[in-house]
Amino acid sequence: MRLLVVRFSSFGDIFQALEIVPHVKRVAPESEIDWLVRKDFAELLTNQNGISSVHAFDRSDSVLHLIRLAWTLAPRYTHVYDAHSNLRSFVVRTVVRMRWLLMGRFSPSRILVRSKERIRRFFYFKLRLAKFRFAVLPEPYRGAESYVKPLTKWYPRLRLEFRQVTWTPEAARSARPSAIHSEFLSWKNQGIGKIVAFAPSAAWPNKRWPVERWLKLAKVLVEQSEQTRFLLLGGPDDSFLKKIHQELGPKVCFEAVGRSTLLESASLLAEADALVANDTGLLHVADRLQKPLVGIIGPTAFGYPSGLHALVAEVDNSELACKPCSKDGRDRCTNAENLKCLKQIKPELVAKRLGEALDGASP
């Protein structure tokens, strides 16, 4: 079998979908797996173990360009797994069907589409009918599992086993470390304590634990072990994170906010000992790296990690009837106390969970 996985974006989803590769290789090592991805994410998949080729297109490319690309790729593959299920991936699999049909090779069973559970999501989030069978979603909903499960149709012996490192930054980055990576390694060598990475940002503000809680968490961790240091990760628009760096100081905190690409951020995270993150892409990077981690889960339903050393800090759904209220945090908060689900998560609880994750990862 030669399989083309179609997952164009986003950062976190690509890392969750990466579990496809080791799961398929365990039950069918002879299978070849290629990937079709958006160009700005292609370097994350380049040279990764188990992926033979990475095909990329630019998000500014026309639909005609995508049609030509799909037409060219179609003869190379026996199976296509649409792990994205959007308009662009619909175009790809339609073109593949047409090319296969002209070649006399088409079979409906050779194209698989991962469901986004749109109808269930509508009833669950919009109509709040979570108790009805047709609106039930898995709890917790682990994205990595949702990418692997559909493949049991082709690989009946496939079993869910999230036990190994599935992404290696050394393979993705160039042989020469970037400037910020070298700077971080120099800073890292100046101390001996554990380095805890913080990812306090998120695509949607409703997924962000208040910045004051991050500061309190850092202080709690330093009280537990005064040699603890912190790696602060975020994008160029996350200027609110500067407050954490200013409070902790450069000896205790390395700030990479707005200074690193996605690949560089992932590579820096690989050098840390653990991660605390909101429901965001770096949470799933650490999950694929099998890092001890704590995910701070607020109003969302789909951000749960699946790794061996992954824990979450959240308010129990039974204690807060409105939770979850959003698939990804873009919807407005429905509680009278705005973001109560996040505000009720105490730094002491997160610190406790982090200690449990680290203890679980110890030899």
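What's counted below: heavy atoms across the whole structure, side chains too, no hydrogens, waters or symmetry copies. In this chain, residues are counted from 1 in sequence order.
- Scanning for side-chain contact (heavy atoms from CB on, under 4.5 Å) contacts around Asp328 gives Trp204, Ser326, Arg330, with sequence neighbours left out.
- At a threshold of 4.0 Å, the pair Glu271-Lys188 counts as salt-bridged, since one of the basic side-chain nitrogens sits closer than that to a carboxylate oxygen.
- In terms of modelled atom types and a separation under 3.5 Å, the side chain of Thr46 and the main chain of Ala42 share a donor-acceptor contact.
- The one candidate from Arg288, Gln290, Arg26 that meets the side-chain hydrogen bond (donor to acceptor under 3.5 Å, both in side chains) condition with Gln164 is Arg26.
- One side chain, Arg7 or Tyr147, offers a donor N or O that lies under 3.5 Å from an acceptor on the other.
- Taking the charged nitrogens against the carboxylate oxygens, Arg2 and Asp34 do have a contact shorter than 4.0 Å, which makes a salt bridge.
- Annotation: side chain of Pro299 is not in contact with side chain of Pro324 (no heavy-atom distance under 4.5 Å).
- Between the side chain of Gln16 and the backbone N or O of His284, no donor-acceptor pair lies under 3.5 Å.
- Side-chain contact between Arg229 and Val196 is absent, with no heavy-atom pair separated by less than 4.5 Å.
- Contact of the Leu349 side chain with the Arg353 side chain is registered, since non-hydrogen atoms from C-beta on lie closer than 4.5 Å.
- Although no hydrogens or angles enter the test, the distance criterion places no donor-acceptor pair under 3.5 Å between the side chain of Trp71 and the main chain of Val95.
- With hydrogens and angles left out, the side-chain atoms of Asn278 and Thr280 include no donor and acceptor closer than 3.5 Å.
- Here the side chains of Lys116 and His84 are in contact, with some heavy-atom distance below 4.5 Å.
- Trp209 and Val220 are assigned to two separate hydrophobic clusters, defined by single-linkage of ILVMFWY side chains at heavy-atom distances under 4.5 Å.
- Ala256 approaches Leu233 most closely through the heavy-atom pair CB-CD2, 4.0 Å.
- Within the model, atoms CD1 of Ile33 and NE2 of His23 stand 11.5 Å from one another, a figure rounded to the nearest 0.5 Å.
- Between Trp187 and Phe254, the ring-plane angle classifies as tilted under the 30° and 60° cut-offs.
- When all heavy atoms are compared, the tightest approach of Leu269 to Lys291 is O-CE, 3.7 Å.
- Leu221 and Val312 fall into different hydrophobic clusters, defined by Ile, Leu, Val, Met, Phe, Trp and Tyr side-chain heavy atoms under 4.5 Å apart, directly or through other members.
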Practice problem: Show the numbers, then the answer: is there a side chain to side chain contact (heavy atoms under 4.5 Å, CB included) between Lys340 and Lys323? | Solution: CA-CA 10 Å; Lys340 185 177 181 178; Lys323 180 182 180 302; over 6 Å; no

Quiz item: Should Phe11 and Asp40 be marked as a side chain to side chain contact (heavy atoms under 4.5 Å, CB included) after you check the CA-CA gap, both sets of side-chain angles, and the distance that decides it?
Solution: CA-CA 10 Å; Phe11 186 45; Asp40 46 329; over 6 Å; no

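- Under 3.5 Å, the side chains of Ser10 and Asp13 contain a donor-acceptor pair of N or O atoms.
- Contact check for Ser146 versus Arg114: side-chain heavy atoms found under the 4.5 Å cut-off.
- Counting only distance, with no hydrogens or angles, the side chain of Asn86 and the backbone of Ser89 share a donor-acceptor pair below 3.5 Å.
- The two atoms that bring Tyr155 and Leu3 nearest to each other are OH-CD2, 4.5 Å, heavy atoms only.
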Quiz item: Asp82 and Val92: side chain to side chain contact (heavy atoms under 4.5 Å, CB included), yes or no, with the steps?
Solution: CA-CA 9 Å; Asp82 180 358; Val92 170; over 6 Å; no

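- By the 4.5 Å heavy-atom criterion applied to side chains, His55 and Arg76 are counted as neighbours.
- Counting only heavy atoms from C-beta outward, the side chains of Leu289 and Trp167 approach each other to under 4.5 Å.
- In this structure, Glu348 pairs ionically with Lys216, as a charged nitrogen and a carboxylate oxygen lie closer than 4.0 Å.
- Other residues, nucleotides and ligands place no more than 12 heavy atoms under 6.0 Å from the CG atom of Asn49.
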Quiz item: Under the side chain to side chain contact (heavy atoms under 4.5 Å, CB included) criterion, do His309 and Leu293 qualify, and how do the steps go?
Solution: CA-CA 6 Å; His309 313 300; Leu293 68 87; over 6 Å; no

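- Heavy atoms only, all atoms of each residue included: Ile297 and Tyr304 are closest at CG2-OH, 3.8 Å.
- The aromatic rings of Phe198 and Phe230 lie tilted to each other, with the angle between the two planes from 30° to 60°.
- Minimum heavy-atom separation, Ile296 to Ile345: CG2-CD1, 3.8 Å.
- Within a 6.0 Å sphere centred on NZ of Lys343, heavy atoms belonging to other residues, nucleotides or ligands number more than 12.
- Ser306 approaches Phe162 most closely through the heavy-atom pair O-CB, 3.4 Å.
- When hydrophobic clusters are built by joining Ile, Leu, Val, Met, Phe, Trp and Tyr residues whose side-chain heavy atoms come closer than 4.5 Å, directly or via intermediates, Leu275 is grouped together with Leu262.
- Ring pair Phe106/Trp100 is tilted by interplanar angle, where 30° to 60° counts as tilted.
- Atom CZ of Phe240 is surrounded by more than 12 heavy atoms from other residues, nucleotides or ligands within 6.0 Å.
- At a threshold of 4.5 Å between non-hydrogen side-chain atoms, the residues Trp35 and Leu4 do not count as touching.
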